[in-house]
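The block underneath contains the structure these notes are about, expressed in C-alpha cells.
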Amino acid sequence: MACTAEGVAAALRAAAEVIAEHRTELVDLDRAIGDADHGENLSRGFTAIVSALETGVPETPAGVAKLAATTLISKVGGAAGPLYGTAFLRASAKLGDAAEIDVPLLLDALRAALEGVQARGKAVGGDATMVDALIPAVSAAEGAADGTIADVLTAAADGADRGAESTVDLIPRKGRASYLGERAVGHMDPGARSTALLLRAFAEAAR
Amino acid sequence: MACTAEGVAAALRAAAEVIAEHRTELVDLDRAIGDADHGENLSRGFTAIVSALETGVPETPAGVAKLAATTLISKVGGAAGPLYGTAFLRASAKLGDAAEIDVPLLLDALRAALEGVQARGKAVGGDATMVDALIPAVSAAEGAADGTIADVLTAAADGADRGAESTVDLIPRKGRASYLGERAVGHMDPGARSTALLLRAFAEAAR
Amino acid sequence: MKKIINDPAAVVAESLRGLAVAHADLLRVRDDPALVVRADAPVAGKVAVVSGGGSGHEPLHGGFVGPGMLDAAVPGPVFTSPTPDAVQGAIAATTGPAGALLIVKNYTGDVLNFETAAELAAAEDLDVRSVVIDDDVAVKDSTFTAGRRGVGGTVLLEKITGAAAERGDSLDAVEALARKVIGQVRSIGVALSAPTVPHVGEPSFDLGPDEIEFGIGIHGEPGRERIPAESADALVGRMVEAVVSDLPFESGDKVLLFTNSMGGTPQLELYLAHGIAERLLAERGILVERRLVGPYITSLEMQGISLTLLKLDDELTQLWDAPVRTPALRWGI
Amino acid sequence: MKKIINDPAAVVAESLRGLAVAHADLLRVRDDPALVVRADAPVAGKVAVVSGGGSGHEPLHGGFVGPGMLDAAVPGPVFTSPTPDAVQGAIAATTGPAGALLIVKNYTGDVLNFETAAELAAAEDLDVRSVVIDDDVAVKDSTFTAGRRGVGGTVLLEKITGAAAERGDSLDAVEALARKVIGQVRSIGVALSAPTVPHVGEPSFDLGPDEIEFGIGIHGEPGRERIPAESADALVGRMVEAVVSDLPFESGDKVLLFTNSMGGTPQLELYLAHGIAERLLAERGILVERRLVGPYITSLEMQGISLTLLKLDDELTQLWDAPVRTPALRWGI
Ligand SMILES: Nc1ncnc2c1ncn2[C@@H]1O[C@H](COP(=O)(O)OP(=O)(O)O)[C@@H](O)[C@H]1O
Ligand SMILES: Nc1ncnc2c1ncn2[C@@H]1O[C@H](COP(=O)(O)OP(=O)(O)O)[C@@H](O)[C@H]1O
Ligand SMILES: [Mg+2]
Ligand SMILES: [Mg+2]
Ligand SMILES: [Mg+2]
Ligand SMILES: [Mg+2]
C-alpha cells in the first residue's frame with residue numbers, strides 16, 4: 001500500500017484493531033506494575049482516531065498524523081496520551097507537505113517521534129518505558145534503510161519487540177512502575193509492548 | 001449439691017463454662033438468622049457473673065439470682081440481656097428469703113422466669129424464640145415434681161432441648177429472625193438453644 | 001479477617017478514644033458504660049435528644065453529637081444494643097427539667113433496653129419519652145412480628161428533632177414532631193457484600209459473586225430476597241419503587257432524598273445511584289427539595305446503599321436547614 | 001465484579017450527574033470533557049484554584065469545589081489523568097486577570113497533561129502556574145525516578161490554597177503558599193484489600209488473607225513492601241514512624257493530623273487508628289492542633305488508611321480554619 005494520506009489512515013485503522021484485540025493483555029500488563037488502564041486508555045484513543053477519520057481523511061500524511069496526535073492528546077489521558085500524542089505531533093511536523101512518505105522521510109519521522117517522547121517524558125534507554133521499544137526500533141529501521149517502507153517498518157517492529165522484551169529484566173525508573181522498584185522486575189512494560197504492537201500493525205498495513 | 005446460695009453460685013459458674021464452650025456455636029446459629037452476636041453477648045454476661053461472684057456470694061439463693069439478673073441486664077445488651085435478666089429477676093423475687101431451694105420453690109421460680117420473659121418480650125409459643133424452649137422446660141419440670149431438684153432440672157433441660165429442636169421448623173415471629181420470615185426455616189433459634197444449654201448446666205451442677 | 005484493630009473486645013472503646021480526641025471541641029466520651037456526650041451538656045433549659053444502639057453503624061450515633069443534633073449517644077458493642085445502665089447514664093448526663101427524648105430504632109434489643117432505662121429514669125422523676133423509628137419497608141409490618149426495622153430515617157429524625165430541641169421546643173412538641181417524621185419517612189437497603197464483625201471474624205452472610213441481598217438490614221441480617229446482580233438503573237428503580245409505593249409518595253410531594261452508603265461503597269457509585277434516584281423521582285413528579293448523600297448509617301465495611309425518602313413541609317425543611325455542628329453533619333456554623 | 005453501575009465506560013459521567021443534582025447550589029458539571037466548576041465561577045478578581053486527576057478518589061477533587069476551596073476540578077476516567085483540553089476547559093471557565101493555580105499530583109500522566117494545558121493557557125495570555133505535590137514517603141525520591149506520588153497532602157493543600165485565594169491573595173502569594181505546604185506535608189498509606197476498577201472488573205492486585213500492602217498508592221499501585229497483618233498499634237506505629245522520620249517532624253512541632261480512609265475502611269476502625277496516631281505523636285512531643293478524619297482521598301472500595309502530617313504555623317492554621325463550603329468539607333458557613 002502506498003504511504004499516502006489514505007495509506008497512513010489505513011495503517012491507523014489497522015492499529016486500532018490490533019489495540020482492541022490486545023486491550024486485555026495491555027490492561028493486565030499494567031495491572032501487574034501500574035494501574036491497570038493502559039489497554040483501556042489506548043483503545044479509547046484509537047477508537048476515537050477511527051471515528052475522526054470517518055468524518056474525513058486529511059489531505060497529507062502529515063495531516064493524518066496530526067489528527068492522530070490531537071485525538072490521542074485529547075482522548076487518552078494518563079502518561080501514554082501526551083507521550084504518543086507528542087510522538088505523532090513531532091512525526092507530523094517532519095512530514096511537512098509531502099503527498100507520500102518515502103523511506104528517508106519515514107526514518108526522519110521515526111527519529112522525531114522518539115525524540116518527542118524523550119523530550120516530553122525525560123526517560124532514557126533502560127528506564128523500562130516505551131522508549132526502550134522505540135530506541136531499538138529506530139536503529140533497526142535505520143539498518144533497513146535500503147529496503148521498502150514495509151521492510152523498514154518490519155525491522156522497526158522487530159526492534160521494538162526485542163526492546164519490549166528487554167524491559168522484563170529492568171528496574172523501572174520512570175512512570176508508575178518506578179514506585180515498585182525491584183518488585184517490577186519480571187514484568188514487561190505495557191507502553192513498550194503497545195509500541196511494538198503499533199509498529200507491527202503499521203508494518204503489516206504497509207505490505 | 002444442695003440448692004443453697006453457694007449451690008446456685010456453683011451452678012452459675014458451671015453455666016458460664018458451658019456458654020464459653022458453646023460461644024462459637026451460638027454465634028453461628030445467630031449468624032444464620034440474626035446478627036451473629038448471641039454467643040458473644042452471653043459469654044460477656046456470664047463471665048461478668050463469675051467475676052461478680054468472686055467479690056462475694058450473696059447470702060440467699062434469691063440474692064445470687066438477683067446478682068445474676070442485674071449483671072446480665074447491665075452487661076449483655078441486645079434482646080437476650082433484658083430477657084434473661086428479667087427471667088432471673090422474677091425467679092429471684094419468687095425465691096424470697098429461703099436459705100435453700102426445694103422442688104416447689106424451684107417450680108415457682110421456673111414459672112416466674114417464663115412469665116417474665118413473656119411479659120417483657122411478648123412472644124408466645126411457636127414464635128421461634130427462647131420461649132419455645134422455656135415452655136416445654138416448665139411443663140417437663142412440673143411432670144417431674146416428685147423427684148429431686150436434679151431430676152426436675154434434668155427434665156426441664158430435656159424439655160428445653162426438645163423445644164429448641166422444634167424451633168428449626170418454625171417461621172420466627174419475634175426478634176431479629178422474624179425479618180427473614182420463611183427463609184429462617186431450617187435454623188434453630190439461638191436463644192432457645194442457649195436456654196437449653198443453661199438448664200442442662202444447672203441440672204448437671206445439681207447432681 | 002483483616003482489620004485495623006487490636007483486641008476485638010476493645011474495638012468500640014478504642015475507637016471512641018479516637019473520636020474523643022478528634023472532636024474534643026464538640027463532645028466528651030465516657031468509659032464503662034460507653035457514652036458520647038455533648039461537650040456543653042447538660043444544656044440549660046433544653047430538651048435532651050438521646051439515641052444509641054449497637055456500634056458498627058458509624059457515624060450513627062456518636063458522629064451526630066453536637067449543637068443542633070444529639071445531646072448524647074449510647075454505643076453498644078458492635079451490632080448489640082447498649083444496656084439500660086448505659087442509656088441511664090446518658091440521660092443523667094444530659095437531662096434537666098425540660099426532659100429528654102429517646103430515639104430508639106425498632107430492634108427487640110434496643111426497644112427492651114431503652115424501655116428499661118426509661119422506666120428507671122421515670123422513677124427518678126425525669127420526664128423521658130421514647131419514640132421508636134421503623135422506616136424499613138423491606139420488612140413486613142405486622143403485630144405478629146418484631147415489626148419494621150429502624151434504618152436510614154433515623155439520621156433524618158435525629159437531625160430534625162435535634163434542631164427543634166435546639167431552638168427551644170418543649171418535650172411535647174419535640175415528641176410530636178418525632179412521631180410526625182416517623183410517620184412520613186421510608187427506606188430500603190441493598191447489600192453487595194457482607195460486613196465482618198470483629199469478634200466473629202467471618203462475613204455475616206455469604207453472597208454469591210452475582211447476588212445482591214435486596215432489603216438488607218444494617219446488621220448483616222438478611223433482607224427481603226436475594227436477587228441476581230443487575231444494572232444500577234434496574235436496581236435503583238427497584239429500590240425507588242419499594243419506597244415510593246409504600247407510604248405512598250405521590251406526584252407533587254416535596255421530599256428529602258437521602259442516598260446512603262452502607263460503608264464500603266465507593267462514592268463514585270453512590271453519586272451515580274443518587275443521580276438515578278433523582279431522575280426516577282422526577283419522572284414520578286416527586287419533588288426532591290433537599291438531599292443528603294454519603295455514608296451516614298453504615299454496616300461496617302458492607303458494600304451497598306440505602307435510599308430514604310422523607311416527605312417535607314415548611315417546618316421540616318426549616319428544621320433540616322437549621323445549623324448543625326457534629327463530627328459527621330455540619331452546616332450553618 | 002459487583003458494582004452499582006450501568007455501562008463501565010459511563011461511570012464517571014453518570015456519577016457526575018448525581019453530584020451535579022445533589023449540589024446544584026455549589027457547583028455545575030459539564031460534559032465531554034468532564035468538568036466540575038463552582039456555581040459562581042468565574043469569581044471576579046480572585047485567583048482560580050484548579051485541580052484534577054483520575055476519578056475513583058472521590059470526594060477528591062469534585063467534592064472540594066466550592067467557596068473556600070477549588071474553583072474547578074477536572075475528573076479523568078477512573079485512575080487515568082484527564083486530558084489537556086479538559087484542564088484547559090477548567091481554566092477557561094474560572095480564570096480571569098488574577099490568574100490560576102493548578103494543583104497537580106505527581107504522577108507522570110497528570111504532570112504531562114496539566115503541563116500541556118498550562119502551555120496552551122499561557123499562549124492565551126492567562127497567568128497560570130502549576131505546583132506539583134509529592135507527599136508520599138513510601139516512594140524513594142530520586143531524580144532518576146518519577147519521584148514521590150501526590151496523596152493525602154493534596155486535600156490539605158487544596159483547602160489551604162483555596163482559603164488564601166478566597167481571601168484575595170495574589171497568584172504569587174498563593175503559589176508561594178502552595179510550595180510552602182508541599183514542603184512540609186508528608187503521608188503514608190496502607191491497603192488491606194484492592195480496589196476494582198469498573199472497566200477492568202478484577203481487583204487491581206492480589207493480597208493474601210494475612211497480608212497488608214505497606215506504602216500503597218491511591219491507584220492500586222503496589223507499595224513499599226508487603227507485610228504480614230499486624231495489630232493496629234503496630235501498624236499505625238509503623239506508619240507514624242515512616243511519616244515523622246521523613247521530614248522530620250520534631251518534638252514541639254505543631255501539626256495537622258489527617259487520618260484518611262481509602263474508601264472501604266469502617267469508620268469504627270478509622271477512628272481507632274486516629275486515636276493511636278494521636279497517642280504516638282503525643283509520646284513524641286508532637287502537638288496535634290488540628291485534625292481531619294474521614295474518607296477524603298480514596299481508591300474506590302479499597303480497604304486501608306493513610307496518615308498525613310502537615311507542619312502548622314499561625315498562617316496555615318488560620319487558613320485551615322477559614323470557612324469552606326463544598327460537598328465534602330464544610331465549616332464556618
Ligand atoms: N516518563 C516516561 N517516559 C516515557 N514513557 C513513559 C513515561 N512514563 C510512563 N511511560 C509509559 O507509559 C506507560 C503507561 O501508560 P498508561 O498506563 O496509559 O498511563 P498511566 O501510567 O498514567 O496510567 C508505561 O508503560 C510507559 O511505557
Ligand atoms: N420478643 C422476644 N421474646 C423472647 N425471646 C426473644 C425475643 N426477641 C428475641 N428473643 C430471643 O433472643 C435471641 C437473640 O438474642 P441476641 O442475639 O443476644 O440479641 P439480638 O437479637 O439483639 O442480637 C433470639 O434467638 C430469641 O431467642
Ligand atoms: Mg496505567
Ligand atoms: Mg443477635
Ligand atoms: Mg445483636
Ligand atoms: Mg492511569
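The shown structure was predicted, so the numbers you read here are calculated from the model rather than taken from an experiment. Note on naming: letters A, B, ... go to the chains in the order of the sequence lines (proteins, then strands), and numbering restarts at 1 for each one.
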So, the part of B/V76 with a heavy atom under 4.5 Å from chain C: the answer is backbone

*Tell me, for B/D37 versus chain C, whether the close heavy atoms (under 4.5 Å) come from the side chain, the backbone, both or neither.*
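For B/D37, backbone and side chain are both near chain C.
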
With sequence neighbours left out, the residues meeting side chain to side chain donor-acceptor pair (under 3.5 Å) with C/S55 are none

For residues 295-306 of chain C, the salt bridge (charged side-chain N to carboxylate O under 4.0 Å, His left out) pairs (sequence neighbours left out) are C/K3-C/E301

Is it true that the NZ or CZ of B/R31 lies under 6.0 Å from the centre of C/F205's six-membered ring and within 45 degrees of the ring axis?
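Not flagged: B/R31 not positioned over aromatic ring of C/F205.
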
Practice problem: Go through the steps to decide whether C/T80 and B/R44 satisfy the test side chain to side chain contact (heavy atoms under 4.5 Å, CB included), and finish with yes or no. | Solution: CA-CA 12 Å; C/T80 297; B/R44 193 170 51 244; 3.9 Å; yes

query = Under 4.0 Å between a Lys/Arg side-chain N and an Asp/Glu carboxylate O for B/R120 and C/E115?
reply =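 Looking at C/E115 together with B/R120, the answer is yes, because their closest N to O distance falls below 4.0 Å.
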
Chain B contact via [X] - side chain, backbone, both or neither, heavy atoms under 4.5 Å:
| X | answer |
| --- | --- |
| C/N106 | backbone |
| C/D110 | neither |
| C/P77 | side chain |
| C/Q88 | neither |

Value for CG (B/N41) from OG1 (C/T83), rounded to nearest 0.5 Å, stands at 11.0 Å

Output for pair (C/T108 OG1, B/K122 NZ), nearest 0.5 Å, gives 11.0 Å

